[in-house]
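See below for the structure under consideration.
Residue numbers start from 1 in every chain, and the chains themselves are labelled A, B, ... in the order their sequence lines are given, proteins ahead of strands.
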2 protein chains.
Amino acid sequence: MPKRPLQKLQASLVARRYYLENQTKSEIADKLGISRFKVARLIETALKEGIVHIEIRDQSDLNTELAERLREAYGLNVALVLDGPDLPSNALIEPLGLLVADFLEETLTDGQLLGLSWGRTLAAAAKAISKLAKVDVVQAAGSPARLDLSQNPTELVHRFARAAGGLAYPLFGPMWVEDPELVGKLRAEPSIADAMSRYDKIDALVVGVGSWRPQESCLCSGFPEDWRREALKHNVQADICATLIDPDGQAVGSPLDSVGLCLSTEQLRRIPERIVAGGGLEKVDAIRAVLKGGWVTTLITDASVARRLVGEVVRY
Amino acid sequence: MPKRPLQKLQASLVARRYYLENQTKSEIADKLGISRFKVARLIETALKEGIVHIEIRDQSDLNTELAERLREAYGLNVALVLDGPDLPSNALIEPLGLLVADFLEETLTDGQLLGLSWGRTLAAAAKAISKLAKVDVVQAAGSPARLDLSQNPTELVHRFARAAGGLAYPLFGPMWVEDPELVGKLRAEPSIADAMSRYDKIDALVVGVGSWRPQESCLCSGFPEDWRREALKHNVQADICATLIDPDGQAVGSPLDSVGLCLSTEQLRRIPERIVAGGGLEKVDAIRAVLKGGWVTTLITDASVARRLVGEVVRY
DNA sequence: AGTGTCTCCGCTCATTTGATCGGAACTGCT
DNA sequence: AGCAGTTCCGATCAAATGAGCGGAGACACT
C-alpha cells in the first residue's frame, strides 16, 4: 500500500463526482471543504495520471480517430474514414459512394452550386443519393475516353440534380480533343459554354482521385500515348478533375490546360469546398500527392489509406 | 449502415476534440461552423448515447465507486472502502488500521482534540501511524474487561499522542464499575475528571464498531450477565464507544449511562467528526445499525461490507 | 391552408471555469 | 541558520459554459 493513497484517492473521488455525477467543481469543493482550485488541480492530475479514462467509441463504421489524425496532419476541413480491414479499391467503391452521398446530403445547403467530375465512386454516390438540398449541379469535365455507361458523367449530373430538385448543367462533349481549333468551337457551343461559365461559381466540387500507376487510372490509360509519356516524365501521381499532380502535390501542366473541356487548375484552386473521395491502398500514392498539394478540403477514404498516411510522420 | 451516420459521427468528432484534445466548445464550434450550443448538445447526446465513455480507475486498493455509493446512501461525509475479496474480520484489521492511520494523517489539523476508544483496528492504526498533525488525544472510554495488552487503550492514546507531538489524556480506570458510589469517586479522581472534562471538546473521535452477535463483541462478552440479557432483550446490534444501538440505529439505554467511565451518548452525538472503522461480513449488521442511526460521519470499511450495504435498496 | 405539437436552434444572463500571478511553505544545500 | 529552487495555494479577472426562453421550421391531422 502506498504511503499516501489518499491523494490519488481524493483525485478519483473528485473525478467521479465531476465526470460521473455532473457536480460542478465549486460544488465538490464546498462539500469537501477544499478550494475549487484544488478540485480543478485534482482533476488535472487525475487526468494526467490516467485515473480518468475517456474513450470515444465510434458507433458507425467510421473511424473518427484516424479521421481526426488525418485531418490534422494535412490541414483538412473534414476527413471521413471508413473503418474496416484493408480492401481493394473495388470493394470500397460502394461504401465510399454511400458515404459521399450521406456527406453531401448533410452538408450542402439550398442554392449552392455543386460541381461533379466522374468516376466509379461518384457513380456509386449518385445511386445512393436520396434527398439533397436544392442545389444546381454542373459537370466539371467532359467525358473521358473509355468510360462505361454506368459512369456516364452526364447521367451523373442529372441524377444529382434530380435528387436535389435543382438545375443540371451537363457537358455534352469529350474531356479533350486533340485539335486546338475544334476545342475553340466546342467551347463556344452554347450548352458547353453555359456549363463552363459556371466553373467560377462552384461552391463545392466532388471528385474521385485518379491514380497514375500504370493500368489503374481511367485518365492515364485514356490519354494519348505522347501525353501520357510526357506526364509520366514529370512523375505524375494523381489527377484531380483535370489537374495532374506530381508526388509533391504540385500541379503539372498538361495538354488538357489548352485543349480540355474541363475545369482549369486555377478554377479548381478557387473552389471553396473540394471533396475528394477514394480508397484502397492502390490509391495511397495518389491521395498523398493531392493532400500534400492542398488540393483537398474534405477527404473521404478508407482506413487502410488513412492508417498509411498518418503512419508517415511528415506533416504539411 | 444507418441512413445518417453523420449525426453520431459529428458527435463523436466533437467529443473527441472536446475531451481528448481539450479544445473548448466555442473553439470547436467556430472551426466546424456551428454554434457553441450545438456543440454542447452534441456532446450531451454523445454522453447519453454512450459514445463517450468515462471511467474512473482506482489505482489504490480502495474502491471509490462503492465508497461513493455508500457515502450517498447513508449521508456520510466520507467513506473509505478497502477493495478486495470477502475476508473475515481478522484479516481486515491490519489493512483497515493502515487506512485509518493514513486517513488521520491526512485529515487532522494542528490544535484539534482527537478522541479514541479502543479495539483491534485502532491498535493496528496506532502501529501504522508515523506522523500526525499536532493534536491532543483523549481516551473516550475506560478499559473494558478482558482486553489483551496489545489493545490497552491507555497505551493507544499515548502512541497517538507521541506521533502527534501533542498531549495525551488517558483514562486510568475501567470502562465501568458496578457500584454507583464507586463511579462517583472515580469520576472525581483528578486525572479521570481531567480526561472526561474534555469529552465535550473532542473534534474527531475514532472508534471501532462492536458487533453484538454472541461471541463476537468484546463489549458484549465483557458485560455482566444481567446487563447483557437486558441489552439483548432490546435487540442491541452494535456498540459505538459506550452507546448501544438497536437495529434501527436507535440508542438503547444501558447501565453504562450511569456507571460508566466513558463518553455519554449525548456527548457522542455532539462530536463533529465521528470516524468508525470496521470490516468483515460478521460486522455488517452492526455497521448497518450505526449507519442507520447517523452515528457515523466517516466510515472506514471493506468492500464486502460495502457491497452488502449498498446492495440493500433502502436509503436513509 | 390552418393548427397544434414537436424538435431544433441560437439568444441572454448567470454561473462555472481557466489563466495567470504573487505569496507561503517546504526542501535540500551550504 | 540562511538561502535558492520548488511546490502548493488561493485571489483576480477574463473566458467558457449552462439554464432557460421564445421563435422558426417540420410534421401530422383536419
Side-chain angles (χ1 to χ4, degrees), chain A residues 2-49 51-52 54 56 102 105-112 130-135 163-165, chain B residues 2-49 51-52 54 56 102 105-112 130-135 163-165:
Chain A
K3 190 63 208 131
R4 286 288 145 93
L6 293 188
Q7 176 73 15
K8 286 191 173 181
L9 164 73
Q10 196 176 34
S12 74
L13 184 118
V14 161
R16 189 179 304 283
R17 293 199 195 181
Y18 185 68
Y19 285 111
L20 268 29
E21 298 175 26
N22 290 318
Q23 304 187 22
T24 72
K25 296 181 183 182
S26 317
E27 196 181 345
I28 298 166
D30 289 346
K31 287 194 196 160
L32 264 50
I34 58 184
S35 79
R36 72 181 180 84
F37 305 98
K38 173 124 190 162
V39 171
R41 282 171 186 135
L42 280 170
I43 291 176
E44 266 173 42
T45 60
L47 244 15
K48 211 171 46 201
E49 303 264 338
I51 294 172
V52 178
I54 303 183
I56 311 295
D102 278 332
E105 292 186 359
E106 295 223 353
T107 54
L108 292 178
T109 59
D110 291 356
Q112 291 191 307
S130 59
K131 191 156 178 286
L132 215 51
K134 192 165 163 39
V135 297
Chain B
K3 191 61 207 132
R4 287 288 143 95
L6 295 188
Q7 175 73 16
K8 285 191 173 182
L9 163 74
Q10 196 175 36
S12 72
L13 184 117
V14 161
R16 189 178 304 282
R17 294 198 195 183
Y18 185 69
Y19 285 111
L20 267 28
E21 300 175 25
N22 290 317
Q23 304 187 25
T24 71
K25 295 182 184 180
S26 316
E27 198 180 344
I28 298 167
D30 289 347
K31 288 194 195 160
L32 263 50
I34 57 183
S35 79
R36 71 181 179 86
F37 304 97
K38 172 127 188 161
V39 172
R41 282 170 185 136
L42 279 170
I43 291 176
E44 267 173 40
T45 60
L47 246 16
K48 210 171 45 198
E49 303 265 337
I51 294 173
V52 179
I54 303 183
I56 311 294
D102 279 332
E105 291 186 2
E106 295 223 354
T107 53
L108 291 179
T109 58
D110 291 357
Q112 293 191 305
S130 60
K131 191 160 177 284
L132 214 52
K134 192 165 163 41
V135 297

- Task: Ignoring hydrogens and angles, tell me if any N or O in the side chain of K134(B) forms a donor-acceptor pair with the backbone of D110(B) under 3.5 Å.
- Result: no

- Message: Considering only residues two or more places apart or on different chains, which pairs with a residue in residues 22-43 of chain A satisfy salt bridge (Lys or Arg N to Asp or Glu O under 4.0 Å)?
- Response: E27(A)-K31(A)

Nucleotide N/O of nucleotides 5-7 of chain D paired with protein N/O under 3.5 Å:
none

- At their closest point, which heavy atom of L108(B) faces which heavy atom of A133(B), and how far apart are they? O-CB, 3.3 Å

- Note on the structure: Residues at least two apart in sequence or cross-chain that pass side-chain contact (heavy atoms from CB on, under 4.5 Å) with L13(B), listed by chain then number, are E68(A), R17(B), L32(B)

- Message: I'd like to compare against my own output: the B/S/- annotation of nucleotides 9-15 of chain C with a strict under-4.0 Å heavy-atom distance to protein.
- Response: BBBBB--

- Give, ordered by number, those residues of residues 17-28 of chain B having at least one heavy-atom distance below 4.0 Å to an atom of DNA chain C; if nothing qualifies, reply none. none

- So what is the end-to-end bend of the helix from dA1(C)-dT30(D) to dT30(C)-dA1(D), with 5 pairs used at each end and the value given to 10 degrees? 30°

- Give, for atom CG of L42(A) and atom OH of Y18(A), the distance between the pair rounded to the nearest 0.5 Å. 13.0 Å

- Item | Distance, nearest 0.5 Å, that separates CD1 of I51(B) from CD1 of I43(B) | 11.0 Å

- Query: Should D102(B) and E105(B) count as side-chain neighbours, where that means a heavy-atom distance under 4.5 Å?
  - Reply: yes

- Is the shortest heavy-atom distance from the side chain of Y19(A) to the side chain of V52(B) under 4.5 Å? no

